[in-house]
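Here is how names work: the chains are called A, B, and so on, in the same order as the sequence lines, proteins then strands, and each is numbered from 1. These numbers were taken from a predicted model, which means no experiment stands behind them. All values below were derived from every heavy atom in this structure, side-chain atoms included, with hydrogens, water molecules and symmetry-related copies excluded.
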2 protein chains.
Amino acid sequence: MGKINQAPPATCPVDYAFQRIGGKYKGRILWFLGDGVKRYGQIRRSISGITPKMLTQVLRELEDDRLITRTVYYEVPPRVEYTLTETGRALIPSIQMISTWGQAQMQHQGITAMPLEEGEE
Amino acid sequence: MGKINQAPPATCPVDYAFQRIGGKYKGRILWFLGDGVKRYGQIRRSISGITPKMLTQVLRELEDDRLITRTVYYEVPPRVEYTLTETGRALIPSIQMISTWGQAQMQHQGITAMPLEEGEE
DNA sequence: TAGCCTACATACCATTAGTATACTATTGTT
DNA sequence: AACAATAGTATACTAATGGTATGTAGGCTA
């Protein structure tokens with residue numbers, strides 16, 4: 001349930017890729033993780049508008065697709081860290097390019113770009 | 001109706017971009033158009049499994065977002081040609097990289113990649 | 001000890017994306 | 001007259017995606 005595009009396994013590389021990084025939040029999450037190891041709460045604060053349920057769901061899908069790893073520290077309060085796998089990291093240059101494109105388009109339309117949020121801690 | 005992601009206008013470039021090129025078919029269609037001017041039927045034959053309704057819908061969305069242009073020739077039988085705009089063409093290198101990534105992953109998993117179809121004419 | 005925090009899980013519901021199938025218009029060909 | 005070709009429309013439907021609300025565990029804080 002909740003899997004973006006799980007239908008017929010892709011034979012086209014573009015299709016294959018978009019089945020994994022399409023969806024409303026995946027690009028932004030991967031992009032944010034490109035910055036380094038992040039905790040659940042950090043991601044949630046950086047991805048404006050995402051609900052905890054969606055975040056959990058999306059993170060699990062990315063984990064299932066081996067784009068990120070999830071490390072649980074059994075402390076109290078619990079701590080869960082997410083980081084890109086090699087495969088996931090290999091996507092960052094592509095997302096970088098897409099971001100650059102997006103930035104240019106936004107400028108073109110007079111929209112002010114705000115890459116990612118989150119107040120320091 | 002049918003607009004993929006029309007919710008709050010993106011402030012993040014990555015979000016902005018994925019709102020335009022996300023969805024099941026957009027990446028593949030743009031990629032195919034990267035090859036040059038294409039007719040409706042050519043696109044339909046190249047994107048396996050797409051229904052005419054979806055294709056029309058997606059093409060209209062790409063047109064609205066100024067990623068492609070649509071040229072109608074009032075002949076019989078009708079002829080409609082689609083081509084990338086400058087903005088759309090600027091996306092091709094990113095899709096190229098994503099495709100390369102996808103290809104590598106597919107190889108890694110023993111899947112045979114089949115970039116795009118369509119028999120010559 | 002009553003709530004608060006983190007990091008979720010679960011149930012339920014609404015919206016949106018996508019599918020299936022059939023149909024249209026126009027003109028030339030058989 | 002029936003059929004082919006192209007580029008779609010129309011209608012009805014299912015599946016995927018996303019959202020709200022609430023629950024849970026264990027320690028921490030007031």
Side-chain angles (χ1 to χ4, degrees), chain A residues 1-10 15 18-29 37-65 68-82 118 121, chain B residues 1-8 10 15 18-29 33 37-65 68-83 118-119 121:
Chain A
M1 211 190 288
K3 192 82 186 76
I4 294 171
N5 247 323
Q6 70 191 151
D15 196 20
F18 276 90
Q19 281 184 15
R20 276 147 192 88
I21 63 168
K24 194 169 179 177
Y25 303 107
K26 286 183 177 177
R28 268 192 290 171
I29 292 173
V37 183
K38 298 291 176 191
R39 294 183 59 176
Y40 179 92
Q42 290 183 290
I43 303 172
R44 192 185 40 187
R45 284 188 295 276
S46 88
I47 310 295
S48 59
I50 197 166
T51 59
K53 184 209 151 188
M54 275 309 298
L55 179 54
T56 299
Q57 184 182 301
V58 170
L59 289 170
R60 290 294 146 76
E61 290 174 18
L62 290 171
E63 201 192 350
D64 289 349
D65 288 334
I68 65 174
T69 51
R70 177 174 182 266
T71 314
V72 184
Y73 296 91
Y74 295 95
E75 307 168 354
V76 168
R79 182 157 61 103
V80 181
E81 289 184 345
Y82 295 91
E118 179 156 54
E121 31 191 300
Chain B
M1 210 193 288
K3 192 78 186 74
I4 294 170
N5 247 325
Q6 72 191 151
D15 196 19
F18 276 92
Q19 281 185 15
R20 276 146 191 87
I21 64 169
K24 192 169 180 177
Y25 302 108
K26 286 183 176 177
R28 268 192 290 171
I29 291 173
L33 289 179
V37 183
K38 298 290 176 189
R39 296 181 59 174
Y40 179 92
Q42 290 183 290
I43 303 172
R44 192 182 40 185
R45 284 188 294 277
S46 89
I47 309 295
S48 59
I50 198 167
T51 59
K53 184 200 150 192
M54 271 311 296
L55 180 53
T56 299
Q57 183 182 303
V58 169
L59 288 170
R60 293 292 148 79
E61 289 175 18
L62 291 171
E63 202 193 350
D64 289 347
D65 287 334
I68 65 174
T69 51
R70 178 171 180 268
T71 314
V72 184
Y73 297 90
Y74 295 95
E75 309 167 354
V76 169
R79 183 157 59 103
V80 180
E81 290 184 344
Y82 294 91
T83 188
E118 178 156 56
E121 30 189 301

Problem set entry | Bracket notation of DNA chain D in which parentheses pair within the strand, [ ] cross earlier pairs, and | pairs with another strand (Watson-Crick or G-U, under 3.5 Å) | ||||||||||||||||||||||||||||||
Problem set entry | Test item: B:Tyr82 side-chain N/O and B:Glu63 main-chain N/O as donor-acceptor pair under 3.5 Å |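 Judged by distance alone, no pair lies under 3.5 Å.
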For this session: Pick base, sugar-phosphate or nothing for A:Tyr25, based on heavy-atom distances below 4.0 Å to the nucleic acid.
Result: sugar-phosphate
Of the non-hydrogen atoms in [X] and [Y], which two are nearest, and what is the gap between them?
X	Y	value
A:Ile43	A:Lys38	CG1-CB, 3.9 Å
B:Leu59	B:Ile68	O-CD1, 3.5 Å
A:Lys24	B:Asp15	O-OD1, 4.0 Å
A:Arg20	A:Lys26	O-CD, 3.1 Å

Exercise. Could you run down nucleotides 3-11 of chain D 5' to 3' and tag each one B, S or - for protein heavy-atom contact under 4.0 Å?
Worked result: --BBSBB-B
For [X] and [N], what is the distance between atoms [atom1] and [atom2] respectively, to the nearest whole Å?
X	N	atom1	atom2	result
A:Gln57	C:dA9	CD	C1'	12 Å
B:Gln19	C:dA17	CD	C1'	15 Å
A:Tyr74	D:dA25	OH	P	16 Å
A:Ile50	D:dT20	CD1	C1'	15 Å
B:Met54	D:dA12	CE	P	20 Å

Exercise. Does a side-chain heavy-atom distance below 4.5 Å link A:Ile21 with B:Phe18?
Worked result: yes
Exercise. Do the non-hydrogen side-chain atoms of A:Ile29 and A:Leu62 ever get within less than 4.5 Å of each other?
Worked result: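 Of all side-chain heavy-atom pairs linking A:Leu62 with A:Ile29, at least one is under 4.5 Å.
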For this session: Could I get the full list of side chain to side chain contact (heavy atoms under 4.5 Å, CB included) partners for A:Arg39, not counting sequence neighbours?
Result: A:Gln42, A:Arg79, A:Glu81
